[in-house]
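Note that the structure is predicted; figures quoted are calculated from it, not measured. Order of appearance sets the numbers: ligands from 1, and atoms from 1 within every ligand.
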Amino acid sequence: MTAIDYQAFYDRSVSDPDAFWAEQAQLIDWHHPFEQVCDASRPPFVRWFAGGTTNLCHNAVDRHVATRGDDRALIWSSSEVDREEIYTFAQLHREVQIMAAVLQSAGVKQGDRVLIYMPMIPQAAFAMLACARLGAIHSVVFGGFASHALANRIDDAEPVLVISADAGSRGGKVVPYKPLLDEALRLCSHPPRQVLMVDRGLSPFELQPGRDLDYAQLREAHRDAQVPCVWLPSEAISYTLYTSGTTGRPKGVQRDTGGYAVALAASVRHIFDGRPGETFFSTSDIGWVVGHSYIVYGPLIAGMSTIMYEGLPTRPDAAVWWHLVERHQVTVMFSAPTAIRVLKKQDPALLQRHDLRSLRNLFLAGEPLDEPTARWIAEALGKPIIDNYWQTETGWPILTLARGLSSGTPKFGSPGVPMYGYKVQLVDEQTGAVLDGANQKGLLVIDGPLPPGCMQTVWRDDERFVRTYWSSVPDRQVYSTFDWAVRDEEGYYFILGRSDDVINVAGHRLGTREIEECIAGHPAVAEVAVVGVADALKGQVALAFAVLRDPAKAATQELALALEGDILKKVDQELGAVARPARVRLVAALPKTRSGKLLRRALQAVAEGRETGDLSTMEDPVALEQLKAQLAAGG
Ligand code: ATP
Ligand code: MG
């Protein structure tokens, strides 16, 4: 298909959505056919495929058993414990039924919540699929979270059961989970009746009698279990999942069943260009939306093998991912810019050590992909690098290039064009006016109804859903992404940053992203964050925090000052003096969320000497402490 054909495909998706989505719905199995494609009678709420019944687990597993039962479904690879396990569709079918029987024996029923707090092990995927099989609602909490964050999420989900494991492992170091879980269960006000423990033999623990169940023992008791899929209404809740918490308190996203299955089947085919029998490798974690959509459900629904990788991108060396690509003939790979920036500090030769011929595209999402990083990885791999822009809320890409359909050429710095089904607009935040012209900066919004697969509501809080997402623009109910963007003459979008990250320097509105992009292009810089800081004279000034590729380049104060001057000169030349940060602080590390996103609000608070607010989603508190100390010392 050519780029022009994609335009026709897109146009039909928005001009005749019922016919368009009814066709896409044929990509999955329905138990009872739907009666109405889209019920948008109660905006902004929407019911996709109303009247239909289906099941996510059936579509991901059961339906493939007859046609490709011996094909690989789940490939688990761990560089942490140096092991690989492979499950065919038939074997996965069996494991999921056993897990479902175990859940049933623990009293789990349709509509119950099950909280999954697990490392990246196969049992975590079995648990998600088993919940889907029974119509139980899973809530996966990223394994890196500690007791407090976990307790909050337990109280919000009120699960009947928590599934966990003895330990995770990170960089070869065992991270025990059970003590954190026990502490969370003490802290929370709605503890589950039971806890199901998977013992991987990494860290000894004790089972609390009457509460904790041992998976290995129950597995043995249910080894021949046959548990049929429960046919669920299309709008049945499949799961809840929290956003990353980059801008504040995380939001509990609630997702349906039928719309999500259709959206994933369509996106794997049209966007990711993945075909049945091939291998999909997403380097994310099941604790994030990418893990839900593109480690577990999407690839399996599409009849592909999926790689679940436990470990760092740099251990045993920085070639570990590319080795997996070669060994498993990966055709679709999905990662995040933050991971590529880690690799960028390594020898590019490591990326060329393996035969990567099978790989068609590398997709990157989650954060702005700066041009220097995109160019670096494109050259190192010799593959198209496809940026994609979406949110936990949407479940699948909003802006990217549909690689299964069109040959639209990637443009560095742009995630691409609106995906089918999304009525993307740029609007003026103050007036709500739609900005139709090219090169106008505005708030990125989606005109309702949201396409299949997107969030149904905020878990247990319809009011917050409407207030948070649908009330940003005067006089119109549109979904706000809270991101700021610009569209060029050819219809490509460029994300400029979050709407909160737009700063106002002496009356000029600047996206911090633009300044970051420019500084990231300096050869000495590995990573950079720019924030706006209150200034008595100018309202706000930009402040940059940069991590160097080689810290020795700023070993003395003179070297550091010279480098800072050099970086500022680059901003002057490329963006103009108005965009010049007041300072470029050279720091050892930047504060990030557990999902690897820059915590700009924490940087801003520190720079302004304010309280940092909720930091429960922060990866490494040490980075922020070091930074505070450095600022206090005037460094
Ligand atoms: P919270 O909503 O809790 O503050 P979050 O927005 O970081 O956290 P996610 O849903 O994980 O939670 O991230 C979605 C956001 O990530 C987008 O709204 C956007 O700001 C950013 N993002 C994702 N992909 C891209 C991309 N390709 N380019 C630029 N920004 C991106
Ligand atoms: Mg968000």
Engineer: Using the ring centroid of each side chain, check whether F142 and Y242 are separated by less than 6.0 Å.
Structural biologist: no

Engineer: Provide, to 0.1 Å, the distance between atom 26 (C) of ligand 1 and the closest protein heavy atom, together with that atom's residue and name.
Structural biologist: E367 O, 3.3 Å

Engineer: Do H270 and Y420 have their ring centres less than 6.0 Å from each other?
Structural biologist: yes

Engineer: Does L364 reach ligand 1 with a nitrogen or oxygen that is under 3.5 Å from one of the ligand's nitrogen or oxygen atoms?
Structural biologist: no

Engineer: Is the Y177-Y117 ring centre distance short of 6.0 angstrom?
Structural biologist: yes

Engineer: What is the ring orientation for W390 with F334, classed by angle as parallel under 30°, tilted 30 to 60°, or perpendicular over 60°?
Structural biologist: perpendicular

Engineer: Starting from atom 4 (O) of ligand 1, find the nearest protein heavy-atom neighbour and note its residue, name and distance.
Structural biologist: T247 OG1, 2.4 Å

Engineer: What atoms of ligand 1 come within less than 4.0 Å of a heavy atom belonging to E393?
Structural biologist: 10 (O)

Engineer: Test your reading of the model: is there a side-chain donor-acceptor pair from E527 to the backbone of A546, 3.5 Å cut-off?
Structural biologist: no

Engineer: Considering heavy atoms of the protein only, find what lies nearest to atom 21 (C) of ligand 1 and give residue, atom and distance to 0.1 Å.
Structural biologist: G366 O, 3.5 Å

Engineer: Please write down residue, atom name and distance for the protein heavy atom closest to atom 20 (O) of ligand 1.
Structural biologist: D483 OD1, 2.7 Å

Engineer: Anything under 30° is parallel, anything over 60° is perpendicular, the rest tilted; go ahead and classify Y239 against Y297.
Structural biologist: parallel

Engineer: Between the main-chain N or O of Y492 and the side-chain N or O of K411, is there a donor-acceptor pair closer than 3.5 Å?
Structural biologist: no

Engineer: For ligand 1, does R498 get within less than 4.0 Å through its side chain, its backbone, both, or neither, judged by non-hydrogen atoms?
Structural biologist: side chain

Engineer: Could an N or O of ligand 1 be found under 3.5 Å from any N or O of Q391, whether backbone or side chain?
Structural biologist: yes

Engineer: Counting only heavy atoms, which portion of T392 has something under 4.0 Å from ligand 1: side chain, backbone, both, or neither?
Structural biologist: both

Engineer: What atoms of ligand 1 come within less than 4.0 Å of a heavy atom belonging to K251?
Structural biologist: 1 (P), 2 (O)

Engineer: Between R341 and A526, is there a donor-acceptor pair closer than 3.5 Å when you use the side chain of the first and the backbone of the second?
Structural biologist: no

Engineer: By number and element, which atoms of ligand 1 are closer than 4.0 Å to a non-hydrogen atom of K597?
Structural biologist: 7 (O), 9 (P), 11 (O), 13 (O), 14 (C), 15 (C), 16 (O)

Engineer: Relative to ligand 1, is P415 under 4.0 angstrom through side chain, backbone, both or neither, heavy atoms considered?
Structural biologist: neither

Engineer: What protein heavy atom is closest to atom 7 (O) of ligand 1, reported as residue, atom name and distance in Å?
Structural biologist: T246 OG1, 2.5 Å

Engineer: Pick from W396, Y389, Y10: which one makes a ring-ring contact (aromatic ring centres under 6.0 Å, His included) with Y422?
Structural biologist: W396

Engineer: Which residue and atom name correspond to the protein heavy atom nearest atom 12 (O) of ligand 1, and how close is it?
Structural biologist: S244 N, 3.3 Å

Engineer: Should the proximity of N388 to ligand 1, defined as any heavy atom under 4.0 Å, be assigned to the side chain, the backbone, both, or neither?
Structural biologist: backbone

Engineer: For ligand 1, is any non-hydrogen atom under 4.0 Å from W390's backbone (N, CA, C, O), its side chain (CB onward), both, or neither?
Structural biologist: backbone

Engineer: Tell me if the aromatic rings of F272 and Y294 count as close, with their centers under 6.0 Å from one another.
Structural biologist: yes

